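Working notes, structure below.
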Amino acid sequence: MKADILLGLQWGDEGKGKIVDVLTPGYDIVARFQGGPNAGHTLEFDGKHYVLRSIPSGIFQDKQINVIGNGVVLDPILFQEEAQALELSGVDIKRVLKISKKAHLILPTHRLLDSAYEQLKGSTKIGTTGKGIGPTYTDKISRDGIRVGDINENFEAKYAVAKKRHLTLLKACGMEVSELELEQKWFEGIEYIKQFDLIDSEFFVNHALADGKRVLCEGAQGSMLDIDFGSYPFVTSSNTVCAGACTGLGLAPSKIGEVYGIFKAYCTRVGSGPFPTELFDETGNQIRQIGHEYGAVTGRERRCGWIDLVALRYTIMLNGVTQLIMMKSDVLDQFEVIKACDAYEIDGKIVRDFPYSIDREIKPTYTEVKGWNTSLTDLTDESQLPMEFVNYIKFLEDRLGVPITIVSIGPDRKQTIFRNKTQLS
Ligand code: GDP
Ligand code: IMO
Ligand code: MG
């Protein structure tokens, strides 16, 4: 068998959690491959609302095994909080979740370093989630990190070495730390992690595929936040594109099957950095209000704008997307006209390929599409979709070159419409 991947094509928060949950019954294993508690993946079903941060979104279905892969960075404090909340709501988490021994640990000092580096940047700060993501991946790459598999071997000594180094760095940044408030809770979190099945996830996933099991890899963030291809330096510190699933789970490229690319019918971004189609007017506010565009974890206001097809074509190419999933279509229900940016105008020239830098003056060139002006939220079948909405889908498929096989029309699991691929022109 080959593993399928679901990942975000924009700047994160596309609705990955919802769709992974919807697709999970078709899989045996759901595995996260990168990122950490910077993610906030929302799931809604049976009138309940859950936000997952480090735990894969397949966790609510009983029969599947969920894996936190080696590419993930794990904060023991936040993980314990998240896992215990799931235990309280009836999830037998220690049975259904396995953690890679090669996943790196986020230390309390990593969070402080994240904040110190942001302060040093001043007005050029990235607007990180403050969860220590950058400093933890930095330690991984500089070969200073501590991994989950270290917790049973000489762990306190390894921790002490890392802490000492971090305190020196913090001092150099002008942040004197005398006592680490979170340290006790962090060690409690480590004890909690010890109760889980800590595995060599590369063997687990590859053996499962060899045994005919179906694996879904769940991305975090979005391709425009990728460390190599995103709007650098306003990005996260991992490879969010599908290559990240190869390194973050130990999967060979030949083992990749479908790549589901997920995007909103418009576009959002949280944190700093360029955003060519951002709207600063009433339309932007309207999208924010109707779409409840506030961070799932931080509550930060998300910046809103029209869909950016230049950026989408780029991320579809980078990921080799085989199927597209369009989210939050219902948010545009009331719009008479919907705009889609098909090209950028830069220095008087029309640019259709995503440029090296978007941190410059860019005038989006918009194509206008007629809105459907009716509520989609209660529809249950493809045949009920209004003509103007189908036209919008066809327009996007034409410009993006990949079929849209799923459309989401509300936050609930049930508000999902599967399209018949064979009907696509
Ligand atoms: P993720 O990080 O990609 O999993 O996405 P988030 O959970 O951060 O953000 C998506 C938000 O949109 C959540 O609040 C979801 O409940 C909500 N959502 C998902 N799909 C839809 C949809 O089709 N329509 C509406 N109105 N909301 C949706
Ligand atoms: P999900 O998985 C949206 C953004 C932050 C910031 C930048 C770097 O829910 O889609 P970091 O803390 O990673 O160093 O922050 O990346 N960011 C996200 N934006 N959704 C996310 O995750 C994000 N994770 C990080 O706002 O701009
Ligand atoms: Mg999110």
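As the structure is a computational prediction, the values presented were derived from the model and not from experiment. Both counts, for ligands and for their atoms, begin at 1 and track the order of listing. Numbering of residues begins at 1 and proceeds along the displayed sequence.
- For the residues Arg302, Glu118, Gln221, Arg32, the heavy atom positioned nearest atom 22 (O) of ligand 2 is part of Gln221.
- Not a single heavy atom of Lys131 lies less than 4.0 angstrom from ligand 2.
- Scanning the protein for heavy atoms near atom 12 (O) of ligand 2, the closest one is Thr129 OG1, 2.6 Å.
- Counting heavy atoms closer than 4.0 Å to ligand 2, residue Trp11 contributes backbone atoms (N, CA, C, O) but none from C-beta onward.
- Within the 4.0 Å heavy-atom cutoff, Gly35 does not count among the residues contacting ligand 2.
- Against a heavy-atom cut-off of under 4.0 Å, Val235 is close to the following atoms of ligand 2: 7 (C), 8 (C).
- Near Ala39, with a cut-off below 4.0 Å to any heavy atom, the atoms of ligand 2 are 1 (P), 2 (O), 9 (O), 22 (O).
- Here Lys16 does not reach the Mg ion (ligand 3): none of its N/O/S atoms is less than 2.8 Å from the metal.
- Near Gly271, meaning under 4.0 Å from any of its heavy atoms, are these atoms of ligand 2: 27 (O).
- Not a single heavy atom of Gly8 sits closer than 4.0 Å to an atom of ligand 2.
- Between the CD1 atom in Ile146 and the OH atom in Tyr159 there is a gap of 8.0 Å [rounded to 0.5 Å].
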Side-chain donor/acceptor pairs under 3.5 Å, residues 6-15, sequence neighbours excluded:
unit_1 : atom_1 : unit_2 : atom_2 : d
Gln10  : OE1    : Lys264 : N      : 2.8
Gln10  : NE2    : Lys264 : O      : 3.4
Gln10  : NE2    : Tyr266 : O      : 2.9
Trp11  : NE1    : Met224 : O      : 3.3
Trp11  : NE1    : Ser231 : OG     : 3.3
Asp13  : OD2    : Arg302 : NE     : 3.0
Glu14  : OE1    : Lys16  : NZ     : 2.9
Glu14  : OE2    : Leu9   : N      : 3.4
Glu14  : OE2    : Gln10  : N      : 2.8
Glu14  : OE2    : Gly12  : N      : 3.1

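- Contact annotation: for Arg300 versus ligand 2, heavy atoms closer than 4.0 Å belong to the side chain alone.
- Near Gly127, with a cut-off below 4.0 Å to any heavy atom, the atoms of ligand 2 are 5 (C), 6 (C), 26 (O), 27 (O).
- Nearest to atom 15 (O) of ligand 2 by heavy-atom distance, out of Thr268, Thr136, Thr128, is Thr128.
- If you look at Lys16 next to ligand 2, the close heavy atoms, those under 4.0 Å, all belong to the side chain.
- Each of Asp13, Glu14, Gly15, Lys16, Gly17, Lys18, Gly40, His41, Thr42, Glu44, Ala296, Arg302, Met327, Lys328, Asp330, Val331, Ser408, Ile409, Gly410, Pro411 has a non-hydrogen atom positioned under 4.0 Å from some atom of ligand 1.
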